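What you are looking at is a predicted structure, and each value in this text was computed from that prediction instead of being measured.
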Amino acid sequence: MLSRRLLLAIGATAGLMAGTYSASAEEIKEIRIGFQKAGIFPAVKARGTLEAIFKPKGITVKWVEFQFGPPLLEALNTGNVDFGYTGDVPPIFAQAATANLYYTAALPASGKNEAVLVPADSPIKTVADLKGKRIAIAKGSSAHNTAVAALAKANLTLADVTPLYLAPADAATAFSSGQVDAWSIWDPYLALYEAKGARVLIFAGDAHSTSAFFLANRPFTTVHPDIVTLLNQTFANEAKWADSHRPEIAKSLNEATGVELAALTKAIDRSNFAITPVTDEVAANQQIVADRFFKLGLIPKQINVRDIVWKWTPNS
């Protein structure tokens, strides 16, 4: 299960947030964006695109950094951020804990930005060889889903391996020191460790169909739908720019993270930057994730993903 602290935090606050945003759309003074140092976000932040759009409206933009998705979703639920981006699994856990959020847009993944890694000299050659092995996983992250889906392809479950739930930085140390046999992880960690000689056992796209998502606090969205629409559209426009400016995206990530430029270039070159509404197909794939995690006892109740999908029609 996701950490008891996170589930309690989400559950305890879900019913209390409805009154948090009572101001009119005209009175909003600040938008808080939860982000990770990945994909287009360092470049968008550096370009000041959001600031240029919202400053004339008297609205400042505050960027709040997170290492990975679950803490971002906790902040989104409690109203400490208004809008953010995560992989596929954090919203599943959050919705199961009655979190106060909406899916507002999707980023269908290329399937190559996340994988299960093993050391170069590992005797593990197939996913089936993971049986009885130690796998580093960020609990409640998209890599958690990739690990589960990959194991399922080999007729295995988490019960057949020893999952070690570690944040990415701790997992990197464990992987490098041989404390784990495999690591389910995303870019840029994936590309960095590939460059160091680690071997991809299976890419996420070979195990399942997945998307990342933009999400927003539910009361914020209810009171400020125009702001959420503008955020979606601005990020969609920035994604179009990024698609034809990949070297600039890699450079921004290098400056933000210090990760080697060659590894980041590899990660960016295999990325999909298209931002879309949460279509029926995307919601159906996300529902598969939710059903999988409920069946495994990883979330406490069944959920209907479509219950928290917010409809957005992008500009042509």
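The list of side-chain hydrogen bond (donor to acceptor under 3.5 Å, both in side chains) pairs with a residue in residues 260-269, not counting sequence neighbours, reads E194-K266. For the ring-ring contact (aromatic ring centres under 6.0 Å, His included) condition, the pairs that include at least one residue of residues 131-157, sequence neighbours left out, are H144-Y165, H144-F293. The side-chain hydrogen bond (donor to acceptor under 3.5 Å, both in side chains) pairs that include a residue from residues 203-215 are D88-T210, N145-H208, T146-H208, where partners are two or more places apart or lie in different chains. Within the structure, ring-ring contact (aromatic ring centres under 6.0 Å, His included) pairs that include any residue of residues 48-68 comprise F35-W63 (at least two apart or interchain). Screening residues 236-269 for ring-ring contact (aromatic ring centres under 6.0 Å, His included), with sequence neighbours left out, gives W241-H245.
In this structure, the separation between NZ on K301 and OG1 on T98 is 5.5 Å, given to the nearest 0.5 Å. Taken from CG in L190 to CG in D187, the straight-line distance is 4.5 Å, to the nearest 0.5 Å. We find the CD1-CG distance between I33 and L50 to be 6.0 Å, quoted to the nearest 0.5 Å. Taken from CD1 in I92 to CD in Q286, the straight-line distance is 4.0 Å, to the nearest 0.5 Å. If you take CG on L101 and CG on N217, they are separated by 8.0 Å, rounding to the nearest 0.5 Å. Taken to the nearest 0.5 Å, the NZ atom of K131 stands 6.5 Å off from the CG atom of L156.
The side-chain contact (heavy atoms from CB on, under 4.5 Å) check on S176 picks up Y193, with sequence neighbours excluded.
Nearest approach of V259 to N254, heavy atoms of both residues: O-ND2, 2.8 Å. Minimum interatomic distance between P42 and S252 (heavy atoms only, all atoms of both residues): CB-O, 3.9 Å. When all heavy atoms of L253 and L264 are compared, the pair lying nearest together is C-CD1, 3.6 Å. Closest heavy-atom contact between I308 and R218: CG2-NH2, 3.1 Å. For the pair I249 and G39, the tightest heavy-atom approach, listed with the atom from each and the gap, is CG2-O, 3.5 Å. Minimum interatomic distance between A239 and I275 (heavy atoms only, all atoms of both residues): CB-CD1, 3.7 Å.
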Subject >> Worked check of side chain to side chain contact (heavy atoms under 4.5 Å, CB included) between N237 and T49 >> reply: CA-CA 10 Å; N237 293 342; T49 308; over 6 Å; no
Original post:
When you look at R246 and D243, which way does the side chain to side chain contact (heavy atoms under 4.5 Å, CB included) test go after all the steps?
Top reply: CA-CA 6 Å; R246 291 173 185 259; D243 193 44; 2.4 Å; yes
**OP:** Determine, stepwise, if the pair R47 / E238 fulfils salt bridge (Lys or Arg N to Asp or Glu O under 4.0 Å).
**Re:** CA-CA 10 Å; R47 277 161 54 81; E238 286 294 274; 2.9 Å; yes
**OP:** Please step through side chain to side chain contact (heavy atoms under 4.5 Å, CB included) for the pair T229 and W310, ending with a clear verdict.
**Re:** CA-CA 10 Å; T229 295; W310 188 73; 3.3 Å; yes
Original post:
Can you check side chain to side chain contact (heavy atoms under 4.5 Å, CB included) on V116 and V127, steps first, answer last?
Top reply: CA-CA 9 Å; V116 178; V127 175; over 6 Å; no
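Looking only at distances, no side-chain donor or acceptor of E65 sits under 3.5 Å from a matching main-chain atom of K37. For T60 (side chain) and K29 (main-chain N/O), a donor-acceptor pair under 3.5 Å exists by modelled atom type. Q95 places a side-chain N or O within 3.5 Å of a backbone atom of N304 that can act as its donor or acceptor partner. A donor-acceptor distance shorter than 3.5 angstrom exists from the side chain of D181 to the backbone of R134, with no hydrogens or angles considered. R306 places no side-chain N or O within 3.5 Å of a backbone atom of Q287 that could act as its donor or acceptor partner. Side-chain N or O atoms of D82 include none that pairs as donor or acceptor with a backbone N or O of I31 at under 3.5 Å. For S184 (side chain) and A143 (main-chain N/O), a donor-acceptor pair under 3.5 Å exists by modelled atom type. The backbone N or O of F273 sits nowhere less than 3.5 Å from a side-chain atom of S271 that would complete a donor-acceptor pair. No donor-acceptor pair closer than 3.5 Å links the side chain of N100 to the backbone N or O of N77. Formation of a donor-acceptor pair under 3.5 Å by the D160 side chain with backbone atoms of T157 is found in this model.
Using a 4.5 Å heavy-atom cutoff, the side chains of V118 and K133 are not in contact. A heavy-atom distance below 4.5 Å is not found between the side chains of T173 and D170. At least one side-chain heavy atom of S142 sits less than 4.5 Å from a side-chain heavy atom of W186. You'll find the side chain of N80 stays beyond 4.5 Å of the side chain of V64, heavy atoms only. Using a 4.5 Å heavy-atom cutoff, the side chains of E27 and V223 are not in contact. Between D129 and P123, the closest side-chain pair of non-hydrogen atoms is not below 4.5 Å.
Among the candidates F213, Y103, F214, the single residue satisfying the ring pair (Phe, Tyr, Trp, His ring centres under 6.0 Å) test with F83 is F214. Checking L107, L215, L72 one by one against Y85, the side-chain contact (heavy atoms from CB on, under 4.5 Å) holds for a single residue, L107.
Note on I185: it clusters hydrophobically with V200, by side-chain heavy-atom contacts below 4.5 Å among ILVMFWY residues. Hydrophobic cluster membership is shared by V289 and L296, with clusters built from Ile, Leu, Val, Met, Phe, Trp and Tyr side chains linked at under 4.5 angstrom. Under a hydrophobic clustering in which Ile, Leu, Val, Met, Phe, Trp and Tyr are joined whenever their side-chain heavy atoms come within less than 4.5 Å, directly or via other members, I288 and V89 fall into different clusters.
Side-chain polar atoms of E281 and N285 form no donor-acceptor pair below 3.5 angstrom. In summary, the side chains of S177 and Q179 do present a donor paired with an acceptor at a separation below 3.5 Å, with no hydrogens or angles considered.
Classification of the F41-F235 ring pair by plane angle, with boundaries at 30° and 60°, yields tilted.
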